[in-house]
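Here the structure is laid out as C-alpha cells; the discussion comes afterwards.
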Amino acid sequence: MDQYMDNSLDLPPERLPSDSIQLIFLLLVFAVGVPLNVATFRRLLALHKTRRKGSSRAAFVLLKLHLTLSDLMLLFFFVGPQLLWNLTYEWLLGDALRDLATGLLDCRKIV
C-alpha cells in the first residue's frame with residue numbers, strides 16, 4: 001500500500017478536458033469582469049459623491065455600488081485563486097491566503 005502512495009505523490013495530476021474548459025471560462029470571466037466592474041465602480045462612486053444623500057436615486061446608486069463591490073470581491077477571492085490553481089495545480093499564494101481562500105469557499109458552501 002505504501003508503494004502506491006509514494007508514486008502518486010511524485011506524479012503531477014493529469015489535466016482533464018473539463019479543467020481546460022473551466023480555465024478558459026474563468027479567464028474570460030476574469031478578463032471581462034474586472035475591467036467592467038472597476039469602470040462601473042468608478043463611475044458610480046463619482047455619481048454617488050454628486051447626489052444628495054436623502055434622495056431615492058442616491059440610495060439606488062449606493063445599492064449598485066455595493067453590488068459592484070461584491071462582484072469585484074467574488075472575482076478576486078474566488079475566480080482569481082481558482083484560476084491560479086487551474087493553471088499550476090499547486091498553491092502559490094502562501095499559507096495565510098490558503099487558509100483565507102479555504103474559509104471563503106467553506107462559507108460559500110454553507111450559503
Side-chain angles (χ1 to χ4, degrees):
M1 177 150 172
D2 290 334
Q3 67 182 5
Y4 295 115
M5 294 179 73
D6 291 338
N7 289 338
S8 67
L9 292 177
D10 294 337
L11 299 173
E14 292 183 26
R15 186 172 298 277
L16 300 173
S18 62
D19 292 341
S20 299
I21 292 170
Q22 183 183 25
L23 179 65
I24 291 169
F25 178 74
L26 289 175
L27 278 170
L28 182 66
V29 166
F30 196 79
V32 170
V34 170
L36 288 178
N37 277 296
V38 167
T40 302
F41 186 79
R42 291 179 66 195
R43 184 179 57 84
L44 288 171
L45 192 60
L47 188 62
H48 180 66
K49 288 180 181 178
T50 62
R51 292 280 174 201
R52 291 188 331 224
K53 299 298 180 206
S55 71
S56 61
R57 173 113 173 146
F60 188 62
V61 168
L62 185 62
L63 172 68
K64 287 198 276 185
L65 264 172
H66 287 152
L67 290 172
T68 305
L69 186 61
S70 69
D71 283 348
L72 283 169
M73 289 173 61
L74 181 71
L75 285 168
F76 284 115
F77 292 125
F78 177 71
V79 176
Q82 189 71 32
L83 270 174
L84 286 175
W85 174 257
N86 280 349
L87 284 171
T88 63
Y89 281 142
E90 69 177 300
W91 187 257
L92 301 173
L93 299 177
D95 291 338
L97 284 176
R98 183 197 64 223
D99 294 340
L100 177 67
T102 304
L104 289 173
L105 288 174
D106 289 343
C107 289
R108 182 183 61 101
K109 291 176 186 173
I110 292 171
V111 174

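Remember, predicted model here, so these are calculated numbers, not experimental data.
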Straight-line distance of [X] [atom1] to [Y] [atom2], nearest 0.5 Å:
{"X": "Leu45", "Y": "Leu69", "atom1": "CG", "atom2": "CG", "result": "10.5 Å"}
{"X": "Leu75", "Y": "Ser70", "atom1": "CG", "atom2": "OG", "result": "9.5 Å"}
{"X": "Gln22", "Y": "Leu83", "atom1": "CD", "atom2": "CG", "result": "8.5 Å"}
{"X": "Leu26", "Y": "Leu84", "atom1": "CG", "atom2": "CG", "result": "11.0 Å"}
{"X": "Phe60", "Y": "Leu44", "atom1": "CZ", "atom2": "CG", "result": "9.5 Å"}
{"X": "Thr68", "Y": "Arg42", "atom1": "OG1", "atom2": "CZ", "result": "13.5 Å"}

Mind checking whether [X] and [Y] sit in one hydrophobic cluster, side chains of I, L, V, M, F, W, Y counted as touching below 4.5 Å?
{"X": "Ile24", "Y": "Leu27", "value": "no"}
{"X": "Phe78", "Y": "Leu87", "value": "yes"}
{"X": "Phe25", "Y": "Val79", "value": "yes"}
{"X": "Leu63", "Y": "Phe41", "value": "no"}

Co-members of the apolar cluster containing Val32 [side chain, <4.5 Å]
Leu28, Leu36
Using the side-chain contact (heavy atoms from CB on, under 4.5 Å) criterion, which residues pair with His48? Sequence neighbours excluded.
Lys53, Val61, Leu62, Leu65
Minimum heavy-atom separation for Leu72 to Asn37, with atom names?
CD2-CB, 3.6 Å
Non-hydrogen atoms of Phe76 and Pro81 that approach each other most closely
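Residues Phe76 and Pro81, closest heavy atoms: O-CD, 3.2 Å.
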Does atom CZ (Arg15) have a neighbourhood of more than 12 heavy atoms from anything else shown, all under 6.0 Å?
yes
